[in-house]
Each structure stands twice: as C-alpha cells, then as structure tokens.
Amino acid sequence: MNKINIQYYHSPCGKLILGEYNGQLCLCDWQYREARTTVDNRLTKRLNAIFVEEDSDILQAARQQLTEYFNAERNTFAIPLLMVGTPFQKTVWQALTEIPFGSTTSYLQLAEKIGNKRATRAVANANGANAISIFIPCHRIIGNNGKLVGYAGGLEAKQKLLHIEQQ
C-alpha cells in the first residue's frame, strides 16, 4: 500500500493538515473543514494510499514556506504539487495558481480564463474541492459583486489571507 505522509501546521488562520506523496505536496487543507472526509477519501482512493503521520523533506519545506508566507516574507511557493482530481478540476486549480499574489478574481472571470464562461458553477465546485489551500490560492476568488464568498477555512481565514497578501 502506498502512503501519504502527513503533518500538521498551526497557521494564524487555523490548523492545516499537510500531505506529501512521492515527493510532491498533495494536501494542504483546513483540518476542520466540512468536506474533510470527502477530500481525504479522494486522495486515498486515487493514490491507492493510506495516511501515515510521518515527516518528510517536502513537508518540512512546505511548513517553512508557509511560515514565511504568514510572516509576509514570501509571495510565491516553490513546492512540487500533485493535484489529485478530474481533468477539469486540475485545469481550474492550475488557473488558480496563475492569479497573482495580492490579486483577486471572480468565479466568472476564472471560468472565462479557462475558456468556458458558462462553467461558473463548475469552476466554483472545483474551487471548493481544492485540497492544496494557499499553495493553490482558492482564497483569491471572490464573488462577482466583489464580496467574500465561501471558503473551506471559513470567511475569517479567507479575509486574513487576503489581508496578508495586500499589505
């Protein structure tokens, strides 16, 4: 059986669970999010793996880079990512990584960016299924009206992340 090494990270916005599989970060998610079981099941099933609480170089680097990010010392990440999802989800998640630090965009704008402006709801669903928060910056998505909308870590965490990036 394959294994996903996991560790925990206490961020200023809440507790994160980090996961690494074969030298790539596959998980950086809010420990207490509503869809925790759904995300975990998707990872373990698709990777045919089990979670093992064990540290690794990638997890150490991810924690270090998160600390730098939260201390406003880093605005890009240099961690290999393993996106585990459907081809459509991966397209959305890749597009999220291209939103510049300190910027926001809407679900509609993201749908247009991937070439399917009618896929706004599907883009929103893919955004919500993101298992690699912060590294894949789904917190940079706001409503078409400019207001903060749903976030796995909660709107307070989203607001804090955006505040860090806009300093």
Side-chain angles (χ1 to χ4, degrees), residues 1-70 74 76-99 101 105 107 110-111 113-114 116 119-141 149-158 160-162 164:
M1 180 67 73
N2 299 318
K3 66 180 183 172
I4 300 167
N5 295 320
I6 60 164
Q7 289 288 293
Y8 298 92
Y9 180 82
H10 294 274
S11 86
C13 300
K15 193 172 181 184
L16 293 163
I17 179 171
L18 305 174
E20 172 263 336
Y21 179 81
N22 282 351
Q24 294 177 294
L25 191 71
C26 63
L27 181 66
C28 176
D29 206 5
W30 305 97
Q31 185 176 3
Y32 301 110
R33 76 177 284 183
E34 230 174 84
R36 171 85 278 122
T37 303
T38 304
V39 170
D40 293 347
N41 288 344
R42 182 178 76 230
L43 288 173
T44 56
K45 185 177 180 181
R46 295 247 177 128
L47 298 174
N48 190 30
I50 58 170
F51 288 114
V52 178
E53 198 167 333
E54 203 171 284
D55 211 356
S56 72
D57 292 344
I58 291 293
L59 293 175
Q60 288 173 17
R63 291 194 307 273
Q64 177 63 39
Q65 290 186 26
L66 284 169
T67 297
E68 292 165 359
Y69 170 85
F70 284 111
R74 172 177 289 276
T76 58
F77 294 102
I79 298 284
L81 303 179
L82 176 61
M83 299 177 195
V84 179
T86 66
F88 179 80
Q89 287 172 328
K90 291 177 186 180
T91 298
V92 171
W93 298 335
Q94 182 58 47
L96 286 169
T97 66
E98 296 163 12
I99 301 169
F101 182 88
T105 193
Y107 293 118
L110 196 60
K113 182 176 168 75
I114 65 167
N116 191 348
T120 306
R121 186 177 297 274
V123 164
N125 289 337
N127 203 55
N130 177 23
I132 314 176
S133 281
I134 304 171
F135 292 89
I136 297 176
C138 52
H139 61 276
R140 295 181 188 153
I141 298 295
V149 290
Y151 185 61
L155 290 183
E156 189 179 325
K158 183 175 194 162
K160 284 180 183 177
L161 293 171
L162 292 173
I164 287 167

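All values below come from the heavy atoms of this structure, side chains included, with hydrogens, waters and symmetry mates left out. These figures come from a predicted structure and were not determined experimentally.
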* For the pair Tyr151 and Trp30, name the ring-plane relationship: parallel under 30°, tilted 30 to 60°, perpendicular over 60°. => perpendicular

* How long is the span from the CD atom in Gln31 to the CG atom in Leu18, to the nearest 0.5 Å? -> 10.5 Å

* Asked: Can you tell me if CD on Glu156 sees more than 12 non-hydrogen neighbours from other groups inside 6.0 Å?
  -> no

* To do: Please lay out, stage by stage, how Leu82 and Asn22 fare under the test side-chain contact (heavy atoms from CB on, under 4.5 Å).
  => CA-CA 9 Å; Leu82 176 61; Asn22 282 351; over 6 Å; no

* **Cys138 versus Ser133, closest heavy-atom pair with distance** => SG-OG, 4.1 Å

* **Closest contact, heavy atoms only, Ala131 versus Asp29** => O-CB, 3.8 Å

* Asked: Just wondering, do Val39 and Leu27 contact through their side chains at under 4.5 Å, heavy atoms?
  -> yes

* Any chance you could lay out the side-chain contact (heavy atoms from CB on, under 4.5 Å) test for Thr105 and Lys113, step after step, and finish with the verdict? => CA-CA 10 Å; Thr105 193; Lys113 182 176 168 75; over 6 Å; no

* On the 0 to 90° scale, with breaks at 30° and 60°, tag the Tyr69-Phe101 ring pair as parallel, tilted or perpendicular. => perpendicular

* **Thr97 and Gln94 side chains, donor-acceptor separation under 3.5 Å** => yes

* **Residue pair Thr44 / Met1, side-chain heavy-atom distance below 4.5 Å** => no

* **Glu68 atom CD, over 12 foreign heavy atoms within 6.0 Å** => yes

* Could you go step by step and tell me if Lys3 and Asn5 meet the side-chain contact (heavy atoms from CB on, under 4.5 Å) rule? -> CA-CA 6 Å; Lys3 66 180 183 172; Asn5 295 320; 3.6 Å; yes

* To do: Could you grab the distance from atom CD1 of Ile164 to atom SG of Cys13, nearest 0.5 Å is fine?
  => 5.0 Å

* **Test item: Arg42 side-chain N/O and Val84 main-chain N/O as donor-acceptor pair under 3.5 Å** => yes

* Asked: Are Leu66 and Leu16 side-chain neighbours, meaning at least one heavy-atom pair lies under 4.5 Å?
  -> yes

* Is the side chain of Trp93 donor-acceptor paired with the backbone N or O of Ala126 at a distance under 3.5 Å, no angle test? -> yes

* To do: Measure across Ala49 and Tyr21 and return the closest heavy-atom pair with its distance rounded to 0.1 Å.
  => CB-CE1, 4.2 Å

* Nearest-0.5 Å distance that lies between atom OG in Ser56 and atom CD1 in Ile6 -> 11.5 Å

* Asked: Is a donor on one side and an acceptor on the other found under 3.5 Å between the side chain of Lys158 and the backbone of Val149?
  -> yes

* To do: Work out which heavy atom in Cys26 is nearest to a heavy atom in Ile4; give both atom names and the distance.
  => SG-CG2, 3.8 Å

* Asked: Taking atom CZ of Arg140 and atom CG of Asn127, what is their separation to the nearest 0.5 Å?
  -> 12.0 Å

* **Side chains of Gln64 and Gln60, donor plus acceptor under 3.5 Å** => no

* Asked: Is a donor on one side and an acceptor on the other found under 3.5 Å between the side chain of Gln65 and the backbone of Ala78?
  -> yes

* Verify side-chain contact (heavy atoms from CB on, under 4.5 Å) between Leu25 and Leu59, making sure each step is shown before the conclusion. => CA-CA 7 Å; Leu25 191 71; Leu59 293 175; 4.1 Å; yes

* **Tyr8 to Arg63 - nearest heavy-atom pair and separation** => O-CD, 3.9 Å

* **Approximate separation, where rounding is to 0.5 Å, of Asn125 CG and Arg121 CZ** => 7.5 Å

* Which value, rounded to the nearest 0.5 Å, describes the distance between Leu81 atom CG and Cys28 atom SG? -> 9.5 Å

* To do: For the residue pair Ile58 and Gln24, establish whether any side-chain heavy-atom pair is separated by less than 4.5 Å.
  => no

* To do: Could you tell me whether the side chain of Arg46 and the main chain of Gly85 form a donor-acceptor pair under 3.5 Å?
  => yes

* **Under 3.5 Å: donor-acceptor pair, side chain of Asn2, backbone of Leu47** => yes

